[in-house]
Number of protein chains: 2
Amino acid sequence: MTDGPVRQASLREHNLGLVLRQAANAMRPPSRADIAAATSLTRATVSALVDDLIAGGLLTEVGPAPRAGAGRPAAGLVLSASGPAGLGLEINVDYLAACVVDLAGAVRHRDVRHADQRPGHPDQVLAEVAELAADARAHAEREGLAVAGAALAVPGLVTAHGVVRLAPNLGWRDVDVPTGLAALDGLPVTVDNEANLAALGELHAGPAGPASFLYVSGEIGIGAGIVLHGALFRGARGWSGELGHVAVRPDGPACSCGARGCLEQYAGQEAILRAAAAGGIDDLRARATAGDPGVLAALAAAGAALGVAVAGVVNLLDVEAVVLGGIYAPLAPWLRPAVVAEIHRRVLTDAWSPVDVRPSVLGADAAVVGAAGSVVRAIRDNPTKWLTRIIP
Amino acid sequence: MTDGPVRQASLREHNLGLVLRQAANAMRPPSRADIAAATSLTRATVSALVDDLIAGGLLTEVGPAPRAGAGRPAAGLVLSASGPAGLGLEINVDYLAACVVDLAGAVRHRDVRHADQRPGHPDQVLAEVAELAADARAHAEREGLAVAGAALAVPGLVTAHGVVRLAPNLGWRDVDVPTGLAALDGLPVTVDNEANLAALGELHAGPAGPASFLYVSGEIGIGAGIVLHGALFRGARGWSGELGHVAVRPDGPACSCGARGCLEQYAGQEAILRAAAAGGIDDLRARATAGDPGVLAALAAAGAALGVAVAGVVNLLDVEAVVLGGIYAPLAPWLRPAVVAEIHRRVLTDAWSPVDVRPSVLGADAAVVGAAGSVVRAIRDNPTKWLTRIIP
DNA sequence: GGCAAATAATTCAACCGTTGAACAAATCAG
DNA sequence: CTGATTTGTTCAACGGTTGAATTATTTGCC
């Protein structure tokens, strides 16, 4: 709202980003002329901008594609696969993960270490994350990728400065991640909620997904990432998305948060496993596939509770889609019908503007991939920062 | 996200708006030098921009304020009170209203006609609105105000093109307002949901209110206007804010929408009056003031239901404030405690980032004033459009 | 094979808006 | 009255985009 002034340089900044995004989002590698036509900039301007982007290592020319008809062949422009890359990190209850995504969005490296993180002290966990990060970085550099930054996904509430205010299922409280991760010599690290980064991952996964959706992350807790008009919404103070503590029945069972009837008590991982008398998600899935009536009933009940909460969100925010992530992704075949039914029943505008309910396409990797992607997205959206970092 | 290109002219466009907003939001009439300092533009640039804005009738100079210390006295700049004005219109169940707001945000004219609008045909109602609008416009012109545009508030779902898709309490369905209001010879008219415009009214009412809040409009139905980061959020397709049909108890009483346990069944006007056995809001308020236990219990119950729904919203969106509007404004003394209690109980982050729950400052006028304000805000945010309309 | 048509990319003078410094205007303190 | 101080304007310079002309490279046709 109260935005800054615009000087001449901001012009260039904006248009560099525009050209880069145009090259990124096109179906086929566009020519300079294509970009000029799409952006309504001049060919002269686009040429100048592209020169800068190529010099900065963000764009590369690919051999001319065979053309139909006469005319000089166009040089296709693609995001440089050897340009700056993003490092994604994730701390979760029972694993640590890292991955590297290049500027074009391709996952170039992935690493997961399964182990219960709850007993360890936060410093110990962060040290292991730093180790994982160093490994991933070395691997990337062996492929000729320069890692531009890192993002860490954590299942909890994170402040704007990267302090984990509260991560109940990890047993963390007020952990200052940036100082704990100082080992990554100078690499800028951002920290964010796991559901937020997973939502970003989903947003950028498909070629053209919905611009407004709710990503629901089912884990031991239930989080949500809210994407509105193609941008992640973090809330006024960074604490949006606490879907797990939306009330489903105001006088339902007591929740660990102190309230009653929270969604978590009906559709959280532990509630589902208890209701289905299952030992784990794999077991649950197997028995659901086999048609175990108790398991099917438990999943239907969880889906209905989830549907009630999600329908409220849709009524309120009018999102186009709901993405089922975390443990909900593999359970989607059994949860989805109940969620869809509640949306049909409760969303006022459902008749003329339906809501797409679908499982996550990235599955369990959504948060790490989203984290790594968020780093390269920042460069894509404001290439100037990167270019001036290269050539000051 | 996929925004357009930035040409040289966009620079000017942006900076004109920046200067104008700076003059509007300042505590005292700022000088050109003040604006330059606040925006980090040059004094030269600000002078050039201010010249354009004065020539276009959007800014005016006020006599130099007495200054402390040496130096040439500064010419204060204020939004022109004789510049373009906005016409606000409202159709509600039991009244029609109009108001005129000048560029500085002052309400210069107001008119309300109480009458039940439900029996009349939409065309008939729109004809009366047109009459009211013509009156208001004539009145404004007698004061030397040129009306730049109009905005109409309607208690229902409105498409982007101004068609009222559904207004249940008015009995309207697919009413094309712009063609029905064509009588306002050429005046551009936008149509929007009543709660949305009321939220805008609240946003601009105070000098510096919260940038993210939920405006709850209690009427026969319950609507909500969502303001995020200082901008109204309309949803992906324009149908956000259906708070009245958020489920409070999934298997509660049947609602007119076809679902069960919607908030409207607990905290809608009719539900409250029925529970309190009251004839109207005035009666209810009088008996609440007198301490009637039945009325107090009914209001506490309604407040609790509202609080459950609102707490869910806060958990999800992390808004800084909740504004109680419509009939909730006069009933706030009795509703607020229950709402606050539910927020304390259910909002996870409440302990370290509290939510302000307060009654609307504009009261019943919020929607009309917000509608009129939205017209002048559009000019404030993009003065270029207005300037080129004056001098093409 | 050669030439015209067509399309891509670059070059360059012109234009537009902002900048920075110099300058004129208006006031106060002594 | 004079010097200090702050406001506002003027003007050459600069950065960035534009549009037209030019060069480059291919296809299609005779």
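All heavy atoms count here, side chains included; hydrogens, waters and symmetry mates do not. Chain letters run A, B, ... following the sequence lines, proteins first and then strands; every chain starts at 1.
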Nearest heavy-atom neighbours spanning B/R234 and A/D318: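 Closest pair (atom of B/R234, atom of A/D318, distance): O-OD2, 4.4 Å.
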Return the value, rounded to whole Å, for the distance between atom [atom1] of [X] and atom [atom2] of [N].
| X | N | atom1 | atom2 | result |
| --- | --- | --- | --- | --- |
| B/E13 | D/dT17 | CD | P | 16 Å |
| A/R7 | C/dC16 | CZ | P | 22 Å |
| B/L49 | D/dG8 | CG | C1' | 14 Å |
| A/R12 | D/dT18 | CZ | C1' | 13 Å |
| A/D52 | D/dT17 | CG | C1' | 14 Å |
| B/H14 | C/dT18 | NE2 | P | 11 Å |
| A/L18 | D/dT17 | CG | P | 11 Å |

Kindly calculate the angle separating the two end axes of the helix from C/dG1-D/dC30 to C/dG30-D/dC1, each obtained from five base pairs, and round it to 10 degrees.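 Angle reported: 10°, given to the nearest ten degrees.
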By the 4.0 Å heavy-atom rule, please label B/A75 as base, sugar-phosphate, or nothing.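 Sugar-phosphate: the residue B/A75, judged by heavy atoms under 4.0 Å, touches backbone atoms but no base.
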Please identify which of these residues, A/L79, A/L387, A/L16, meets the side chain to side chain contact (heavy atoms under 4.5 Å, CB included) condition with A/L58.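 Exactly one candidate clears the test, A/L387.
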Exactly one of A/L184, A/L87, A/V375 should register a side chain to side chain contact (heavy atoms under 4.5 Å, CB included) with A/V147. Which one does?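 For A/V147, the side chain to side chain contact (heavy atoms under 4.5 Å, CB included) test succeeds with only one of A/L184, A/L87, A/V375, which is A/L87.
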Flag, side chain of B/R380 to backbone of B/G17, donor-acceptor distance under 3.5 Å: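 No; judged by distance alone, with no hydrogens or angles, the pair does not exist.
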Could you tell me whether the side chain of A/N25 and the main chain of A/R21 form a donor-acceptor pair under 3.5 Å?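 Confirmed, A/N25 side chain pairs with A/R21 backbone.
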Give a yes or no on whether a salt bridge exists between A/R28 and A/D34, defined as a side-chain N under 4.0 angstrom from a carboxylate O.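 No salt bridge links A/R28 with A/D34.
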So, are A/R237 and B/E320 salt-bridged, with charged N and O less than 4.0 Å apart?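 Judged by the 4.0 Å cut-off on N to carboxylate O distance, A/R237 and B/E320 do not form a salt bridge.
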Decide whether B/S40 and A/R7 meet the rule of one side-chain donor and one side-chain acceptor closer than 3.5 Å.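 Looking only at side-chain atoms, A/R7 and B/S40 do form a donor-acceptor pair, the distance falling under 3.5 Å.
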Quick check: on DNA chain C, is the nucleotide nearest A/E61 upstream (toward 5') of the one nearest A/Q8, or the reverse? Name the residue that is more 5'.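 Upstream on the strand: A/E61.
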Contact list for DNA chain D against residues 31-47 of chain B - heavy-atom distance below 4.0 Å: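 DNA chain D contact set from residues 31-47 of chain B: B/S31, B/R32, B/A33, B/R43, B/A44, B/S47.
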Carefully, step by step, assess B/H204 and B/R377 under the rule side-chain contact (heavy atoms from CB on, under 4.5 Å). CA-CA 9 Å; B/H204 299 140; B/R377 281 286 155 171; 3.2 Å; yes
Counting only distance, no hydrogens or angles, is the base of C/dA26 paired donor-acceptor with the side chain of B/R72 under 3.5 Å?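 Check fails, no donor-acceptor contact within cut-off.
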Does C/dG17 have OP1 or OP2 under 4.0 Å away from a side-chain N or O of B/N15?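 Result: no.
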